[in-house]
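Handing you this structure, nothing more for now.
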Amino acid sequence: MRLIQYGDGDKKGFAAVTDEDAVYPLADKDVWELFRRAERQGMTPLELIKSDIREGTPLNREWNSLDLLSPVDAPEVWAAGVTYQRSREARNYEVTGGKADAGSTLYDLVYDAERPEIFFKSTLARTVGPGGSVKLRSDSSWQVPEPELGLVLNAGGDIVAYTIGNDMSCRDIEGENPLYLPQAKIWKQSCSIGPAIRLAEATPNPYDLEIGLRIYRNDEAVVDISANTGMLKRKLDELVSFLKRDNVLFDGTVLLTGTCLVPPNDFTLKPNDRIEIDITSIGTLMNTVVA
Ligand code: DO4
Ligand code: MG
């Protein structure tokens, strides 16, 4: 069971999307109101949605044809880094220029360390939703999307749902100096989430999800790669436990869990590219690139 937010005239619609892709508008304002109603009625959110659906009528629309918004208003987005071997290799390429004998880098150290890399990624104002435009930085010539499984957390740090995130990154700025990381990661429209959130209680195994990345240029696929969350070096709870340590979380804080997909080293995004990221049973997050 997934949840979406969409533009409905001058209002925001909130709906459940079943595994058969039927859309059922819900009475609640958002996922938090739904969770509170479920608690009051002594049901899990999934049980409550199923009971609403038995009484309800589906929209006569494909969910992808709605004016989809970010499925959750995330006040903050955080991200973990170098959680997959593929990311470690890509970071090492950035700092060494591909030299095989460059020795151990800080990325090798963080991949094996007890403490994961966790960094601040985005705020509500910088994050775009499905169909929105992600921006290129004007001072970088090596930019890529990073497709990542996103954890939707409540204020207590529980993983209540999963979503898809794009951690847009500047590989040249990141590789030049690790202290430039915030500039390589955070700028206007450098983060995207959506198109839906999938309830954690309806996701039996988050360690076996296929992640696919396709980038279209003039309607031709110039990147088409995929991987599986089974390759994640860390446990999801482990990442959350470091994020919440001595920190304040909010209902809707999103934690991106790191990328397992990196386009070839000679690839950089260009204006008008279309990025599509899919994760099994969540959907496809589509964004267009603008300068
Ligand atoms: O240290 C660089 C960040 C790496 C990252 O964002 C990732 O692995 O997804
Ligand atoms: Mg990343």
Side-chain angles (χ1 to χ4, degrees), residues 74 76-97 102 104-123 126-128 134-137 140 142-151 162-187 189-194 206-207 209 211-213 215 223 225-236 238-240 242-243 253-265 267-269 275 277 279 285 287:
E76 294 185 347
V77 179
W78 294 74
V82 202
T83 50
Y84 289 90
Q85 174 65 18
R86 181 68 190 96
S87 178
R88 174 194 194 168
E89 289 162 6
R91 285 343 112 211
N92 282 341
Y93 183 88
E94 288 159 14
V95 286
T96 64
S104 175
T105 68
L106 82 162
Y107 296 110
D108 293 318
L109 296 178
V110 83
Y111 184 78
D112 290 319
E114 190 200 342
R115 182 189 292 274
E117 178 195 4
I118 294 185
F119 57 92
F120 191 76
K121 171 64 191 177
S122 193
T123 55
R126 293 183 177 85
T127 305
V128 303
V134 286
K135 260 188 189 294
L136 295 175
R137 260 193 95 105
S140 165
W142 193 16
Q143 304 189 57
V144 291
E146 291 192 351
E148 306 191 7
L149 176 67
L151 312 180
Y162 298 95
T163 192
I164 304 174
N166 176 359
D167 168 24
M168 291 281 287
S169 299
C170 300
R171 297 188 66 187
D172 44 1
I173 299 177
E174 181 174 70
E176 190 178 339
N177 188 321
L179 298 180
Y180 295 157
L181 189 76
Q183 295 175 77
K185 293 290 190 179
I186 307 170
W187 65 96
Q189 293 165 239
S190 67
C191 180
S192 163
I193 56 170
Y207 298 101
L209 300 174
I211 305 191
L213 168 67
I215 303 173
V223 171
I225 49 181
S226 60
N228 189 286
T229 55
M231 297 147 112
L232 183 65
K233 169 84 187 315
R234 311 223 178 222
K235 292 284 168 233
L236 300 175
E238 175 191 348
L239 296 175
V240 174
F242 276 93
L243 173 64
T253 293
V254 168
L255 174 59
L256 305 181
T257 52
T259 192
C260 49
L261 289 172
V262 184
N265 289 326
F267 178 86
T268 189
L269 286 169
I275 303 168
I277 302 172
I279 299 191
L285 174 61
N287 295 107

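In each ligand, atom 1 is the first atom listed, and ligand 1 is the first ligand listed.
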In terms of heavy-atom contacts, Cys260 and Ile211 come closest through SG-CD1, 3.9 Å
- Message: Run the side chain to side chain donor-acceptor pair (under 3.5 Å) test against Asp108 and tell me which residues pass, sequence neighbours left out.
- Response: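 Testing Asp108 for side chain to side chain donor-acceptor pair (under 3.5 Å), a comparison that skips the adjacent residues, returns Arg88, Asn92, Thr105.
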Compare every heavy atom of Gln143 with every heavy atom of Leu136, then report the nearest pair and how far apart it is.
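That closest heavy-atom pairing would be CA-OE1, 3.6 Å.
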What is the minimum heavy-atom distance between Gly150 and Leu256, and which atoms define it?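 Gly150 and Leu256 have their closest heavy atoms at CA-CD2, 3.9 Å.
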For Tyr162 versus Pro206, what's the shortest heavy-atom pair and its separation?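 Reported closest heavy-atom pair: OH-CG, 3.4 Å.
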Near the Mg ion (ligand 2), which protein N/O/S atoms are found at less than 2.8 Å?
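Those protein N, O or S atoms (cut-off: under 2.8 Å from the Mg ion (ligand 2)) are Glu146 OE1, Glu148 OE2, Asp167 OD2.
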For this session: Have a look at Cys170 and tell me which of Tyr180, Trp142, Trp187 forms a side chain to side chain contact (heavy atoms under 4.5 Å, CB included) with it.
Result: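 For Cys170, the side chain to side chain contact (heavy atoms under 4.5 Å, CB included) check succeeds only for Trp187.
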Protein neighbours of ligand 1 with a heavy atom under 4.0 Å, given by chain and number, are Ala80, Gly81, Val82, Ser87, Arg91, Tyr107, Glu117, Phe119, Glu146, Glu148, Asp167, Glu174, Leu181, Lys185, Gly258, Thr259
Sequence neighbours excluded, the answer for side chain to side chain donor-acceptor pair (under 3.5 Å) partners of Gln189 is none
_Within 6.0 Å of OH in Tyr207, more than 12 heavy atoms from elsewhere_ =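 Check passes, neighbour count above 12.
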For Trp78 and Thr253 the tightest heavy-atom approach is CD1-CG2, 3.9 Å
